[in-house]
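These notes concern the structure reproduced below.
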Amino acid sequence: MYKRITHIGIAVKSLSESITRYEHLFGFGPKHTEEVQEQQVRAAFFRIGDSGVELLEPTGEESPIARFIARRGEGVHHLSFEVENIEEELLRLRSEGFVLVDETPRTGADGFKVAFLHPKSTGGVLIELCQKL
Ligand code: ZN
C-alpha cells in the first residue's frame, strides 16, 4: 500500500548554494542534512507538510548523482513513495514486469530503507520506494 509522496529528489551541483535558493523559495531552512557514503551523496531535507524536497549533491565522481548531472544537468532526479511493506511491494512490482534497480532494499537517508525502480520500465521516471526503519 502506498502511503504518501515521501519527497521529490533533486540533483544539484552545490548543496550550499541550493539550500540558500530553497530557503529563499520556501522561507524556511532544511530539517536536516546528512551524508550517505554508500551512495556518495550529501542530502538536505526540507519538510513540506507530510512530504518534502530532498536536495542531492554528489560527493564523488562515481556517485549516481554525478552521473545524472553529467548526462542531464541539474533538476528533478526521482520521486519517492512511502510504502507499508517494501519487500512485498518489490515482489509484486517484479511480477508486474517492472525492472528493479535494487532487488532488495538498502539503507537510504533519513532513517528509511529504500529501493529504486529502473526508469526504463516507468516511462523515464526514477521511482524510489521507501519504508521507515
Ligand atoms: Zn530520495
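All ligand and atom numbering here is 1-based and tracks the order in the structure. Since we're looking at a predicted model, the values are computed, not measured.
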Worksheet item: Quick check: are there more than 12 heavy atoms from other residues, nucleotides or ligands sitting under 6.0 Å from CZ of Arg47?
Response: no

Worksheet entry | Ile48 backbone acceptor or donor facing Ser51 side chain under 3.5 Å | no

Worksheet entry | Within-2.8 Å protein N/O/S contacts of the Zn ion (ligand 1) | His7 NE2, Glu54 OE1, His78 NE2, Glu128 OE1

Item to complete: Start with the C-alpha gap between His7 and Glu128, add the side-chain angles, then the distance that decides, and say whether side chain to side chain donor-acceptor pair (under 3.5 Å) holds.
Response: CA-CA 9 Å; His7 57 260; Glu128 176 186 61; 2.9 Å; yes

Worksheet item: Using the ring of each side chain (for Trp, its six-membered ring), is His77 parallel, tilted or perpendicular to Phe68, with breaks at 30° and 60°?
Response: perpendicular

Worksheet entry | Donor-acceptor pair, side chain of Ser63 and main chain of Val41, under 3.5 angstrom | no

Worksheet item: For Leu15, does its backbone N or O pair with a side-chain atom of Arg42 as donor and acceptor, under 3.5 Å?
Response: no

